[in-house]
Amino acid sequence: MFLVVGLGNPGRKYEKNRHNVGFMAVQRLVRSHGLGDFKEKFSGVWQKGDLAMGGTRHPVAVLEPMTFMNLSGESVQPAAAFLKVSPAAIIVVHDELDLAWKDVRLKMGGGHAGHNGLRSIIGRLGTPEFVRVRVGIGRPPPGFRGDVADFVLQDFDAIEAAELDSVLDRACAAIERVIAKGVAAAMNDINRK
């Protein structure tokens with residue numbers, strides 16, 4: 001079984017923020033595979049079911065921590081422990097400032113690069129060795145007034161919002177490839193330009 005985690009902040013105020021692209025991606029995954037409604041558990045909302053791909057059914061649990069981004073590990077670690085999922089079978093979908101807008105990349109392990117959601121998960125799991133689906137949101141444009149936190153907590157602009165569906169489709173495809181083919185093969189497919 002894989003545990004697929006989308007990172008974001010709970011509440012209507014944040015739902016269209018750049019920082020919530022992880023929530024958006026896992027919601028799309030759940031809808032596209034008909035997994036049903038999320039239920040409350042693990043200081044978050046989650047759903048369990050099978051992804052049918054290539055004639056094979058793959059068991060997954062999908063989790064959205066409702067702890068706010070900076071405490072994501074307080075939801076992820078108990079869910080992983082309950083489900084008996086190893087860190088290598090956890091797929092975390094998150095926004096990535098260091099990738100250009102629309103880029104989607106896979107990574108296994110590594111640091112948190114200042115991302116507080118990843119920092120919290122690494123701290124609670126005691127290891128960075130989980131899969132990341134990195135969804136590029138780019139850095140603030142020249143002349144942006146405010147700091148990085150202000151940028152990630154803004155809604156996608158009109159141009160980005162028009163392109164968001166295709167980005168979310170690619171993030172879902174990355175998750176599906178990891179589950180169906182394994183991390184190494186999925187990275188070869190997804191990370192090629």
Kindly check if the number of other-residue, nucleotide or ligand heavy atoms within 6.0 Å of [atom1] ([X]) is above 12?
| X | atom1 | answer |
| --- | --- | --- |
| K48 | NZ | no |
| D147 | CG | yes |
| K39 | NZ | yes |

With a 4.5 Å cut-off on side-chain heavy atoms, are [Y] and [X] touching?
| X | Y | result |
| --- | --- | --- |
| L118 | F130 | yes |
| L63 | V26 | no |
| E15 | F23 | no |
| N9 | L153 | yes |
| R132 | H112 | no |
| V135 | D95 | no |
| E176 | L29 | yes |
| I90 | I121 | no |

Restricting to non-hydrogen atoms, name the atom on [X] and the atom on [Y] that form the minimum distance, rounded to 0.1 Å.
| X | Y | answer |
| --- | --- | --- |
| L7 | P65 | CD2-CG, 4.3 Å |
| L71 | S120 | C-OG, 3.3 Å |
| P59 | D50 | CA-OD1, 3.3 Å |
| V131 | A88 | CG2-O, 3.8 Å |
| F38 | V30 | CZ-CG2, 3.7 Å |
| L83 | A61 | CD1-CB, 3.6 Å |

Determine whether [X] and [Y] fall in the same hydrophobic cluster, where Ile, Leu, Val, Met, Phe, Trp and Tyr are linked whenever their side-chain heavy atoms lie under 4.5 Å apart.
| X | Y | result |
| --- | --- | --- |
| M187 | V4 | yes |
| W46 | M69 | yes |
| I179 | L106 | yes |
| L35 | V133 | yes |
| V62 | I175 | yes |

Exercise for the section: Give the ring-plane orientation class for F82 versus F42, where under 30° counts as parallel, over 60° as perpendicular and anything between as tilted. Expected result: tilted
Exercise for the section: Assign the ring pair F156 / W101 to parallel, tilted or perpendicular, where the plane angle (0 to 90°) is split at 30° and 60°. Expected result: tilted
Handout entry: side-chain contact (heavy atoms from CB on, under 4.5 Å) evaluation trace for R145 with D150
Key = CA-CA 9 Å; R145 293 176 189 265; D150 298 320; over 6 Å; no
Exercise for the section: Applying salt bridge (charged side-chain N to carboxylate O under 4.0 Å, His left out), run through D165 and R28 and close with a yes or a no. Expected result: CA-CA 9 Å; D165 277 346; R28 176 163 297 213; 2.6 Å; yes
Handout entry: Check: N20 main-chain N/O paired with N17 side-chain donor or acceptor under 3.5 Å
Key = no
Practice task
May I ask you to decide if D37's main-chain N or O and Q47's side chain share a donor-acceptor pair within less than 3.5 Å?
Solution key: yes
Measure the spacing between [atom1] of [X] and [atom2] of [Y] and express it to the nearest 0.5 Å.
| X | Y | atom1 | atom2 | value |
| --- | --- | --- | --- | --- |
| E96 | H115 | CD | NE2 | 7.5 Å |
| L164 | I159 | CG | CD1 | 13.5 Å |
| I190 | R177 | CD1 | CZ | 4.5 Å |
| R105 | D98 | CZ | CG | 13.0 Å |
| I91 | M108 | CD1 | CE | 10.0 Å |
| H33 | R57 | NE2 | CZ | 10.0 Å |

Exercise for the section: Could you tell me whether D103 and R134 have a side-chain N and a carboxylate O separated by less than 4.0 Å? Expected result: no
Exercise for the section: Could you go through the side-chain contact (heavy atoms from CB on, under 4.5 Å) check for Q27 and E64 one step at a time? Expected result: CA-CA 9 Å; Q27 288 163 7; E64 289 182 16; 2.9 Å; yes
